2 protein chains.
Amino acid sequence: MSKQELVVIGQTDEAGACCPGLVSAPLGEDQAMELARLFKALGDPVRLRLLSMIASRAGGEVCVCDLTPAFDLSQPTISHHLKLLRQAGLIDCERRGTWVYYWALPATLDRLAAFLKTPQTAETTT
Amino acid sequence: MSKQELVVIGQTDEAGACCPGLVSAPLGEDQAMELARLFKALGDPVRLRLLSMIASRAGGEVCVCDLTPAFDLSQPTISHHLKLLRQAGLIDCERRGTWVYYWALPATLDRLAAFLKTPQTAETTT
DNA sequence: GGCTTGCATTGATATCCATCGATGCAACCT
DNA sequence: AGGTTGCATCGATGGATATCAATGCAAGCC
């Protein structure tokens, strides 16, 4: 039997607080749980479209009244998905008068992107 | 320059380039559905750890017999998660004699990373 | 105050999913 | 052939989740 041992390398958090990358070392349980929460928030087509509509908006902000009619879903359902995206730290919102405006939090997106990136392209970040 | 020399299998998209990025333009329904399937596969801590264990392995391959004992789960459950990762195009496997070996498909990971990456992070610390 | 609009919350429900034990199947080993 | 090991598949089940109608709540308007 080829019983090899998978030793979890010490999570060397160098220059990055949480996770040095999916490929660099096996994930610990805690990190996996936290990251899975983020990816789960992206694992729905409605939420992906919502996030994309918010993040790609030129002014950086979108009113909910501009998001809801783009879907064939009820208003509470859209509100529910926006809440999940907000709880995941992907977007944030603010009420301004009658309307509520949402904007994207690119730090979380970049963190996930860095986590997924395989280290085959050598580059130097500032 | 800096042309990618990797043959990206998953990008044989007849409708042109699949997804230029989450931030560049609102996602269509079809693209959102396909990408959500991928992110959903990553939205589980067990699958994230499995993928990390596979992708971080030096030789590039891991035997299932090395993966299963790392979890407090039954063998069918691990097999189920591996199947989902494989259906998502994140890993692939091959039977060699008695054992089955899994390896990562970095093209899919890079595609997701590129999709999440924001154009340029301009120090957004409000 | 009373009415309307925009959005969030609640409660209910149908569907999905992670997990398990049992079983099946392929390959190796006497 | 018979037995054993490694892994996948099946069927069942409890918990999570996406969705809706109804309702609540804040803000503007009459």
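Quantities reported herein were computed from a predicted structural model and do not represent experimental measurements. Note on naming: letters A, B, ... go to the chains in the order of the sequence lines (proteins, then strands), and numbering restarts at 1 for each one.
Aromatic ring orientation, F39(A) versus F39(B): parallel (interplanar angle below 30°, classes split at 30° and 60°).
Between the CD atom of E94(A) and the C1' atom of dC7(C) there is a distance of 15 Å, rounded to whole Å. In this structure, I78(B) atom CD1 and dG21(C) atom C1' are separated by 16 Å, rounded to whole Å. Summarising the geometry, the separation between CD on Q75(A) and C1' on dA8(C) is reported as 7 Å, rounded to the nearest angstrom. Between R86(A) atom CZ and dC7(C) atom C1' there is a gap of 12 Å when expressed in whole angstrom units. Distance CG (L50(B)) to P (dT19(C)): 10 Å, rounded to an integer number of Å. Counting to the nearest Å, the P atom of dA8(D) and the CD atom of Q87(B) are 12 Å from each other. The interatomic distance linking L82(B) (CG) with dT19(C) (C1') rounds to 15 Å, in whole Å. Atom CZ of F39(B) and atom C1' of dT17(D) are 19 Å apart (whole Å).
Across dT19(D), dA8(C), dA8(D), the shortest atom-to-atom separation from the side chain of V46(A) is found for dT19(D). Picking from dA18(C), dC7(D), dC20(D) the nucleotide with the shortest atom distance to the side chain of H80(B) gives dA18(C).
Along DNA chain D, the nucleotide closest to G43(A) and the one closest to P76(B) are compared, and the more 5′ of them pairs with P76(B). Remark on DNA chain D: of its neighbouring residues R95(B) and R95(A), the 5'-side contact belongs to R95(B), judged by nearest-heavy-atom nucleotide.
Distances shorter than 4.0 Å separate none of the side-chain N or O atoms of T98(B) from OP1 or OP2 on dG6(D). The side chain of Y102(A) places no N or O atom within less than 4.0 Å of a non-bridging phosphate oxygen (OP1 or OP2) of dG6(C). For H81(B) and dT19(C), the shortest distance from a side-chain N or O to OP1 or OP2 is below 4.0 Å. Between K40(A) and dT17(D) there is a side-chain N or O to OP1 or OP2 distance below 4.0 Å. At least one side-chain nitrogen or oxygen of S74(B) sits closer than 4.0 Å to the OP1 or OP2 atom of dC20(C).
Follow the hydrophobic side-chain contacts under 4.5 Å out from L112(A) and you reach L48(B) in the same cluster.
Residue R47(A) is classed as a sugar-phosphate contact, given heavy-atom separations below 4.0 Å to backbone atoms only. Residue contacts for L67(A): at a heavy-atom cut-off of 4.0 Å it reaches no nucleic acid atom on any strand shown. Contacts of L73(B) with the nucleic acid, taken as non-hydrogen atoms under 4.0 Å apart, involve only primed sugar atoms and P, OP1 or OP2.
Within 6.0 Å of atom CD in E29(B), 12 or fewer heavy atoms from other residues, nucleotides or ligands are found, so the atom counts as exposed in its surroundings.
Comment: E34(B) engages R111(B) in a salt bridge, judged by a side-chain N to carboxylate O separation of less than 4.0 angstrom.
Shown are T68(B), V46(B), L51(B), I91(B); of these, the side-chain contact (heavy atoms from CB on, under 4.5 Å) with L82(B) is made only by I91(B).
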